[in-house]
Amino acid sequence: MDALRGIGALCVLIFHYSTRFHELFPQAAHVPFSFPGGNYRVLLFFTISGFAIFFTLDRIGTVADFVVNRFARLYPAYLVAMLLTLSVEYLAQATQLLVGPVAILANFTMLQGFAFLPEVDGAYWTLTVEIAFYFCMIAIWKFVGIRRLEPVLACWLMVRWLYWAWPDMPERIIMLLVLRYTPFFVIGMLAYRVWRGERSLRQQAPYALLALLSIATMETWDVTLVGCILLAAFVALIHGHLRFLSLRPLVWLGGISYSFYLIHQHVGFVIMLELAKAGYSPWIGFAAAFTVALLLGTAINRLVERPAGEAILARWKRRRGAGAVLPGATPSQT
């Protein structure tokens, strides 16, 4: 799984530092290639999220447990990466990348996407999708239960067709129900259930075909092909056929991929712009931005993401443990 995250992280960086950089700054010297296929990397991340969400859902007792777990996982690294990105942008006077004060304040909440405000770093848009997915999954866990998951997923895909048939569906409903990306999360969830031995491939096949049909009827042929590749890849993953990808550099990059993702884009753009202004080869700018992104991503992961997340969870467990002995306390949901 970490190796897949590492591959996704590399695709993100190459796409942003080649294709996206040239789109935003056509006047700047840039590496002489484009990597548009890297734009599909978010679909891999969403499929991984569908698989990995159960690592949290399977060990929580209450909705509050889930909220604290996700906050501890996401927010500390996000806050530090956002402040670093803002600092670099202001120091470099990168006006094309800066957002206004209202948007900056909204970014402190991680909910700027739901208010249709711009992100401090364009890469943060996927966090809006992830948060909406968390909202949907904790609602399913709370009100339906995971044991009856597959029929719920089928209904979710049916609602996606409603979005297709109703072009004027309110945007916030589309965002909150993750209707643009539902099939990819579904593929990850179906794979996890097989991996845990809770369902067989034969049992999951109709739901997987429904997910692919949802993609094929609503997306372009290339996205449909990506959906088929992701389904095949996760079938191979749960049967142990992707062990050859477990190369140490990929696994390491996958381990820091969240912090790396948060810090790489705008900071890297500023570095490439400044080196281009100084007359350096775009390849040097590309390499320098890549190196800085790796160093900052590693530092945020080691110094913030892991220790802060562990400290928040440890404090929450102590608080939950103390609350369990209070008179009149009710048992947690199981």
Side-chain angles (χ1 to χ4, degrees), residues 6-45 77-108 110 112-113 115-129 180 220 222-223 253 256-300:
I7 291 171
L10 279 177
C11 289
V12 166
L13 182 137
I14 296 172
F15 168 72
H16 283 155
Y17 287 3
S18 59
T19 307
R20 187 62 177 150
F21 180 76
H22 183 47
E23 290 172 352
L24 290 176
F25 307 101
Q27 77 287 353
H30 57 88
V31 290
F33 71 91
S34 182
F35 188 57
N39 200 29
Y40 302 130
R41 85 285 180 199
V42 295
L43 305 181
L44 170 60
F45 284 152
Y78 168 83
L79 179 62
V80 171
M82 184 185 69
L83 292 174
L84 277 173
T85 298
L86 280 171
S87 300
V88 169
E89 289 173 347
Y90 274 96
L91 286 172
Q93 297 181 341
T95 54
Q96 189 169 340
L97 298 175
L98 290 169
V99 298
V102 174
I104 291 173
L105 290 175
N107 272 254
F108 277 95
M110 293 187 75
Q112 63 278 356
F116 303 114
L117 290 169
E119 292 85 7
V120 165
D121 187 304
Y124 298 170
W125 74 267
T126 59
L127 297 178
T128 300
V129 179
R180 290 190 176 89
T220 55
D222 53 324
V223 177
L253 186 57
I256 67 165
S257 60
Y258 177 59
S259 294
F260 173 82
Y261 177 80
L262 292 173
I263 200 65
H264 83 281
Q265 185 173 219
H266 282 196
V267 170
F269 287 172
V270 169
I271 291 170
M272 289 191 290
L273 283 172
E274 292 302 314
L275 289 177
K277 289 177 186 176
Y280 288 97
S281 161
W283 287 106
I284 292 178
F286 187 102
F290 188 12
T291 302
V292 171
L294 284 177
L295 291 173
L296 288 177
T298 302
I300 295 171

Chemist: Taking all non-hydrogen atoms of both residues into account, name the closest pair between Thr128 and Gly113 and its distance.
Modeler: OG1-CA, 3.5 Å

Chemist: CZ/Phe260 to CG/Leu13 distance, rounded to the nearest 0.5 angstrom?
Modeler: 4.5 Å

Chemist: Can you tell me how far apart CG (Leu24) and CG (Leu97) are? Round to the nearest 0.5 Å.
Modeler: 7.0 Å

Chemist: Just wondering, do Val80 and Ile263 contact through their side chains at under 4.5 Å, heavy atoms?
Modeler: no

Chemist: Quick one: do Tyr124 and Thr85 satisfy side chain to side chain contact (heavy atoms under 4.5 Å, CB included)? Show the steps, please.
Modeler: CA-CA 12 Å; Tyr124 298 170; Thr85 298; 3.9 Å; yes

Chemist: Please tell me whether Ser18 and Ser34 have a donor and an acceptor in their side chains that are separated by less than 3.5 angstrom.
Modeler: no

Chemist: To the nearest 0.5 Å, tell me how far Leu83 CG sits from Ile104 CD1.
Modeler: 10.0 Å

Chemist: Would you say that more than 12 heavy atoms from the other residues, nucleotides or ligands in this model lie under 6.0 Å from the CD of Gln27, or not?
Modeler: yes

Chemist: Which side-chain hydrogen bond (donor to acceptor under 3.5 Å, both in side chains) pairs, counting each pair once, include a residue from residues 264-280, with sequence neighbours left out?
Modeler: His16-His264, His16-Gln265, Glu89-His266, Asp121-Gln265

Chemist: For Ser281 and Phe286: C-alpha separation, side-chain torsions, deciding distance, then whether side chain to side chain contact (heavy atoms under 4.5 Å, CB included) applies.
Modeler: CA-CA 9 Å; Ser281 161; Phe286 187 102; over 6 Å; no

Chemist: How far apart are the closest heavy atoms of Met272 and Ala289, and which atoms are they?
Modeler: CG-CB, 3.9 Å

Chemist: Going from CZ on Arg41 to OG1 on Thr126, what distance comes out if it is rounded to the nearest 0.5 angstrom?
Modeler: 7.5 Å

Chemist: Which atom pair, heavy atoms only, marks the closest approach of Ala123 to Tyr261?
Modeler: O-OH, 2.5 Å

Chemist: Would you give the length of the straight line joining atom CG of Leu127 to atom CG of Leu262, rounded to the nearest 0.5 angstrom?
Modeler: 6.0 Å

Chemist: For Ser259 and Gly297, which heavy atoms make the closest approach, and how far apart are they?
Modeler: CB-O, 3.4 Å

Chemist: Using every non-hydrogen atom in the two residues, find where Phe15 and Phe35 come nearest and quote the distance to one decimal.
Modeler: CD1-O, 3.2 Å

Chemist: For the residue pair Leu273 and Phe21, establish whether any side-chain heavy-atom pair is separated by less than 4.5 Å.
Modeler: yes

Chemist: Given the rule in the side chain to side chain contact (heavy atoms under 4.5 Å, CB included) test, do Gln96 and Phe269 qualify, once you have shown the distances and angles that lead to the verdict?
Modeler: CA-CA 11 Å; Gln96 189 169 340; Phe269 287 172; over 6 Å; no

Chemist: What are the two closest non-hydrogen atoms of Ala288 and Leu275, and how far apart are they?
Modeler: CB-CD1, 3.6 Å

Chemist: Is the shortest side-chain heavy-atom distance between Leu84 and Ile300 below 4.5 Å?
Modeler: yes

Chemist: Could you tell me the separation between the OH atom of Tyr78 and the CZ atom of Phe108, rounded to the nearest 0.5 Å?
Modeler: 8.5 Å

